[in-house]
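Below you'll find the structure, written out as structure tokens, and then a few comments.
Residue numbers begin at 1 in each chain, while the letters A, B, ... track the order of the sequences.
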Amino acid sequence: MHEESRRAKLARLEELGVDPWGGRFDGHQAIGAIRALEETIESSPGEEGKPPNEQGPQVRAAGRVVLQRKAGKLIFADIRDWTGQIQLLIGRKQVGDDSWAVAECVDLGDIIGVDGELKHTRTGELTIFVEKLHYLTKSIEPPPEKHKGLTNPELRQRMRYLDLVYGDGVVDRFLDRTKIVSAIRNSLTSSGFVEIEGPTLHSIAGGAAARPFTTHHNALDIPLFMRIALELHLKRLLVGGIERVFELGRVYRNEGISPRHNPEFTMLEVYQAYGDYRSMMDLTEQLISAALAAIGREGPIEWGDKQIDFSTPFARRTYDELFAEHTGVEANDSAGVARLAEKLDIEVAGRHPDVIKNEVFEELVEDKLDGPVFVIDYPASICPLTKRSRQNSDVAERFELFVAGMEIANAYTELNDPDLQEELFRTQLAGQRDEDSMAKMDHDFIRALRNGMPPAGGLGIGIDRLVMLLTGSQSIRDVILFPLLRPESS
RNA sequence: GAGGCUGUAGCUCAGUCGGCAGAGCAACGGACUUUUAAUCCGUAGGUCUUGGGUUCGAGUCCCAACAGCCUCACCA
């Protein structure tokens, strides 16, 4: 077994009086920063036919050994940290017999620290000429294949730590995710929004239409649900006078898994008193622009075979307009819509016309919206939390932002009429199943509205999908560090 | 939940018509003080995902289970 030889070296290190598990290692420089010191190397002409003499800075680095070439009493090794990779040269004569014995215990995957001079080898490779070697941690497991790394998607997800070390661009992708989230948070904060933490255990799983995960509180002996949305508690805070408020948090939906769905995902919801859905469009553009700037992306972004241009302002098109454009049937032609639905095997009998129309929209229109495009003015009847347009009460002041056929954001002018809200919670649209409806009666929420919620705009952004788009990732599992997998059977 | 594809050494992958289980990397032993996907010589490494079945004989064919990926369903 591979483990045996590694354990033998572990024992050998202990014999040599070296702790194979290392300890505090102060003052090391990031490899990326060390590489940037290349220009400080001073060079004087060497003797006839010899390379120039170099004098480089003294550096201290730490990293994982990812390549190793043993050439007799010389070892070339490449170590990698999260900022880059650099070659080491360890010579028996240069480090002395004792350190050489330690160096001989180095396996691929081990973590070591070095002190040495930064200069070039004869072949011109930037290299740390090691003077002192520090063992920082032994790896008992062999690393993945050195050319291709881990390619099996299951192993990449289960052993994300290896994917991060050996996968091309994986660390950068997840660091980009962090930068995107920070940029969004900073942008909101600098616009006067405050971040709060709402409850994740809800007694009523409201604010969206999805099946919740259920759990139970022992002491109170009550059923509880993991939240499926952030909405209703944030709106309670509007009632409480927190005029600009947001939460960036995990929500849980007990639904299928796909390249665009993970049972837990990250949602941003923002509420702005005295705003409306149009203010939310401006805010959406602001946040996405800030995210792009944070990861240094300019110009169109490649996503699969699509080119996405995030220059602002994004297109704004009405729901009905897009419906007619992509289906060839006018949105208000309910007979025509019904015929279309039947052709698509969408059930028609006993169902609300807007529910049917929306299913047709999802089927025929959404995929084609490469965007970014704000789809505005949804049928009011499918929007129970949204204020109706003053000009046309059949239309809700709502937009969804579509990019590459994916819904990225959803925003409303928030409904703040408690009586209408209560009525809409009560009205189950004909033909809709309970779990398909977001009209779930929440008396406490109604009571909050009865105390006066200021008119407001609200916005939700699916952070994982946004990160997918901005990092060119085709699967949500590529932007979630530990996506849900079935546990391994032992 | 349905269908398709995949599962072989630690990793990446071959394995033809059903006839001795293969390679590269990694590992181990040896040579090498300027290599860089180091090179050269040698060695070792397998419950072919699991369980059944067909067959003289199964990694290969059939059935089932398990896991992953994809498509669909589900999912504003």
Without decimals, in angstroms, what is the distance between A/Leu155 CG and B/rC13 P? 10 Å
Span that lies between the C1' atom of B/rU60 and that of B/rC17, in whole angstrom: 10 Å
Would you please name every residue forming a ring pair (Phe, Tyr, Trp, His ring centres under 6.0 Å) with A/Tyr319, sequence neighbours left out? A/Phe361, A/Tyr378
On RNA chain B, more 5' by nearest nucleotide between A/Ser475 and A/Asn410 is A/Ser475
Separation of A/Glu4 atom CD from B/rU43 atom P, in whole Å? 20 Å
Integer angstrom distance from the C1' of B/rC32 to that of B/rU39: 9 Å
Should the side chain of A/Thr151 and the base of B/rU12 be counted as holding a donor-acceptor pair, with the cut-off at 3.5 Å? no
Could you state the atom-to-atom distance from CZ of A/Arg7 to C1' of B/rG10 in whole Å? 14 Å
With sequence neighbours excluded, tell me which residues meet ring pair (Phe, Tyr, Trp, His ring centres under 6.0 Å) with A/His134. A/Phe25
Expected list for residues 91-100 of chain A: side-chain donor-acceptor pairs under 3.5 angstrom, two or more places apart:
unit_1  : atom_1 : unit_2  : atom_2 : d
A/Arg92 : NE     : A/Asp97 : OD1    : 3.2

In whole Å, what is the span from the CD atom of A/Gln68 to the C1' atom of B/rA27? 12 Å
Kindly write out the residues that satisfy side chain to side chain contact (heavy atoms under 4.5 Å, CB included) with A/Pro263, not counting sequence neighbours, or none if the list is empty. A/Phe213, A/Ile257, A/Leu484
Strand contacts (RNA chain B) in residues 125-141 of chain A, 4.0 angstrom heavy-atom criterion: A/Glu125
Please list, chain by chain and in numerical order, all residues satisfying ring pair (Phe, Tyr, Trp, His ring centres under 6.0 Å) with A/Phe323, sequence neighbours excluded. none
Identify all pairs in which a protein N or O lies below 3.5 Å from an N or O of nucleotides 21-24 of chain B, and state each distance.
unit_1 : atom_1 : unit_2   : atom_2 : d
B/rG24 : N2     : A/Glu145 : OE2    : 3.4

Given the rule that a pair is Watson-Crick or G-U wobble with both distances under 3.5 Å, how would you write RNA chain B in dot-bracket, using | for pairs to a different strand? (((((((..((((.....[..)))).(((((.......))))).....(((((..]....))))))))))))....
Classify the nucleic acid contact of A/Arg69 as base, sugar-phosphate or nothing, counting any heavy atom under 4.0 Å across all strands shown. base
Using a 4.0 Å heavy-atom cut-off across all strands, classify A/Arg156 as base, sugar-phosphate, or nothing. nothing
Just checking A/Tyr277 against A/Tyr412, ring centres under 6.0 Å apart? no
Pairwise C1' distance, B/rG7 and B/rC48 [rounded to whole Å]: 10 Å
Please determine whether a side-chain nitrogen or oxygen atom of A/Lys146 lies at a distance below 4.0 Å from atom OP1 or OP2 of B/rA26. yes
Roughly how far apart, to the nearest Å, are B/rU8 and B/rU16 at atom P? 16 Å
Determine the Euclidean distance between corresponding P atoms of B/rC13 and B/rG51; express it in Å to zero decimal places. 25 Å
Residues two or more places apart in sequence or in another chain: which of them pass side chain to side chain contact (heavy atoms under 4.5 Å, CB included) with A/Ser279? A/Gln272, A/Asp276
Pick the C1' atom in B/rA27 and in B/rA44, then give their distance to the nearest Å. 9 Å
Which nucleotide, B/rC11, B/rU34, B/rC70, lies nearest any side-chain atom of A/Thr121? B/rU34
Spatial distance of atom CD1 (A/Ile408) from atom CG (A/Asn410) [nearest 0.5 Å]: 11.5 Å
Consider the side chain of A/Gln87, meaning its heavy atoms from C-beta on, and name the nucleotide among B/rC69, B/rU35, B/rU12 that approaches it most closely. B/rU35
Rounded to the nearest angstrom, tell me the gap between atom CZ in A/Arg211 and atom C1' in B/rG1. 11 Å
Want to settle it: does A/Asn358 or A/Lys148 sit nearer the 5' end of RNA chain B, counting the closest nucleotide to each? A/Lys148
What interatomic distance, in whole Å, is found between C1' of B/rG10 and the corresponding atom of B/rG53? 33 Å
Under a 4.0 Å N-O cut-off, is there an ion pair linking A/Arg158 with A/Glu154? yes
Could you check whether A/Glu400 pairs with A/Arg398 (Lys NZ or Arg NE/NH1/NH2 to Asp/Glu carboxylate O, under 4.0 Å)? yes
Examine B/rC70: is either OP1 or OP2 under 4.0 Å from a nitrogen or oxygen in the side chain of A/Arg477? Give yes or no. yes
NZ or CZ of A/Lys119 within 45° of A/Phe129 ring axis and under 6.0 Å: yes
The single option from A/Ile112, A/Val18, A/Leu10 that satisfies side chain to side chain contact (heavy atoms under 4.5 Å, CB included) with A/Lys138 is A/Leu10
Take atom P in B/rG4 and the same atom in B/rA23, then report the distance between them in whole Å. 35 Å
Below 3.5 Å, can you tabulate the donor-acceptor pairs from side chains in residues 67-75 of chain A to any protein atom, sequence neighbours excluded?
unit_1  : atom_1 : unit_2   : atom_2 : d
A/Gln68 : NE2    : A/Val106 : O      : 3.3
A/Arg69 : NH2    : A/Asp78  : OD1    : 3.0
A/Arg69 : NH2    : A/Gln87  : OE1    : 2.7

Taking atom P of B/rC72 as reference, at what distance in whole Å does atom CZ of A/Arg260 sit? 9 Å
Between B/rC69 and A/Gln157, is there an OP1 or OP2 to side-chain N/O distance shorter than 4.0 Å? yes
Rounded to whole angstrom units, what separation is found between the CG atom of A/Leu485 and the P atom of B/rC66? 16 Å
Applying a 4.0 Å non-hydrogen cut-off, can you work out what A/Ile75 is touching in the nucleic acid: base, sugar-phosphate, or nothing? nothing
Whole angstrom is fine here: how far is it from CD in A/Glu154 over to C1' in B/rC5? 15 Å
Report the C-alpha distance between A/Thr318 and A/Asp320 in whole Å, list the side-chain angles of each, state the deciding distance to 0.1 Å, and finish with yes or no for side chain to side chain donor-acceptor pair (under 3.5 Å). CA-CA 5 Å; A/Thr318 70; A/Asp320 284 357; over 6 Å; no
Would you indicate whether A/Glu42, at its atom CD, is surrounded by more than 12 heavy atoms from other residues, nucleotides or ligands within a distance under 6.0 Å? no
Those residues at least two apart in sequence (or on a different chain) that pass ring pair (Phe, Tyr, Trp, His ring centres under 6.0 Å) with A/Phe402 are none
Need one value for A/Asn152: base, sugar-phosphate or nothing, where a base atom within 4.0 Å counts as base even if backbone is also close, heavy atoms only. sugar-phosphate
Protein-nucleic acid N or O pairs under 3.5 Å, nucleotides 28-33 of chain B:
unit_1 : atom_1 : unit_2  : atom_2 : d
B/rC28 : OP1    : A/Lys9  : NZ     : 2.5
B/rC32 : N3     : A/Gly72 : N      : 3.0
B/rC32 : N4     : A/Gly72 : N      : 3.4
B/rU33 : OP2    : A/Lys73 : N      : 3.3
B/rU33 : O4     : A/Lys93 : N      : 3.1

